[in-house]
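Quick caveat, the model's predicted, so the values are computed rather than measured.
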Amino acid sequence: VVLMKGDPVVAYAGGVPGIAATKPAEGEGVTADSASVREYVQHLRAERKEARKAAAVPEAAVETEYSFAVNGFTAELTEEQVQRLAKQEG
C-alpha cells in the first residue's frame, strides 16, 4: 500500500484552487456524487498517476486506488520503484 500525502476526500478542507472542500461537517457524511467530490477525486487520481509515472510504475501494476478514507493505491512494486516513490514530495 502506497499512501499519498494529500488529504483523502473525508479530510479535504480546501486549498486546491478551483476545488471546494469535501470534508463533511461533524455528524454528516460525504456526498459521494457531489461535483466537489468528483473534482477532488479526479485531482487525487492525477497526482497519483504523476507520482507513479515519476517512479516508473506502469498503470498495469496498480491493483486498487483509494480516495475517500485514505489517499493511496496498492500495486506490485520493485524495490527500486518503492525507493523512487519514497523520495517524492506528496
Separation between [atom1] of [X] and [atom2] of [Y], rounded to the nearest 0.5 Å:
X: Glu47; Y: Gln88; atom1: CD; atom2: CD; answer: 11.0 Å
X: Ser67; Y: Gln42; atom1: OG; atom2: CD; answer: 9.5 Å
X: Lys53; Y: Arg84; atom1: NZ; atom2: CZ; answer: 13.5 Å

Over all atoms of both residues, closest heavy-atom pair of [X] and [Y]:
X: Gly29; Y: Pro24; answer: O-CB, 3.5 Å
X: Ala21; Y: Gly14; answer: CB-N, 3.7 Å
X: Tyr12; Y: Ala20; answer: CE2-O, 3.2 Å

Answer yes or no: is there an ion pair linking Arg45 with Glu65, defined by an N-O contact shorter than 4.0 Å?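 Not counted as a salt bridge, because no side-chain N and carboxylate O are separated by less than 4.0 Å.
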Would Tyr66 and Asn71 count as a side chain to side chain contact (heavy atoms under 4.5 Å, CB included) if you check the C-alpha gap in whole Å, the side-chain angles of each, and the deciding distance to 0.1 Å? CA-CA 5 Å; Tyr66 305 97; Asn71 174 20; over 6 Å; no
Side chain proximity check, [X] to [Y], heavy atoms < 4.5 angstrom:
X: Leu77; Y: Leu85; answer: yes
X: Glu59; Y: Lys49; answer: yes
X: Arg52; Y: Val62; answer: yes

Under the side chain to side chain contact (heavy atoms under 4.5 Å, CB included) criterion, do Thr22 and Val30 qualify, and how do the steps go? CA-CA 7 Å; Thr22 58; Val30 170; 5.6 Å; no
Sub-3.5 Å donor-acceptor pair from the side chain of [X] to the main-chain atoms of [Y], do we have one?
X: Gln81; Y: Ala56; result: yes
X: Arg48; Y: Phe73; result: no
X: Tyr40; Y: Pro8; result: no
X: Thr64; Y: Thr74; result: no
X: Ser34; Y: Val37; result: yes

Flag if over 12 foreign heavy atoms under 6.0 Å of CD, Glu63: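 Above 12, so yes.
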With the 4.5 Å side-chain cut-off for hydrophobic clustering, are [X] and [Y] part of the same group?
X: Val10; Y: Val16; result: yes
X: Met4; Y: Val9; result: no
X: Leu3; Y: Leu44; result: no

Chi angles and distances behind the side chain to side chain donor-acceptor pair (under 3.5 Å) call for Glu39, His43: CA-CA 6 Å; Glu39 290 168 0; His43 168 76; over 6 Å; no
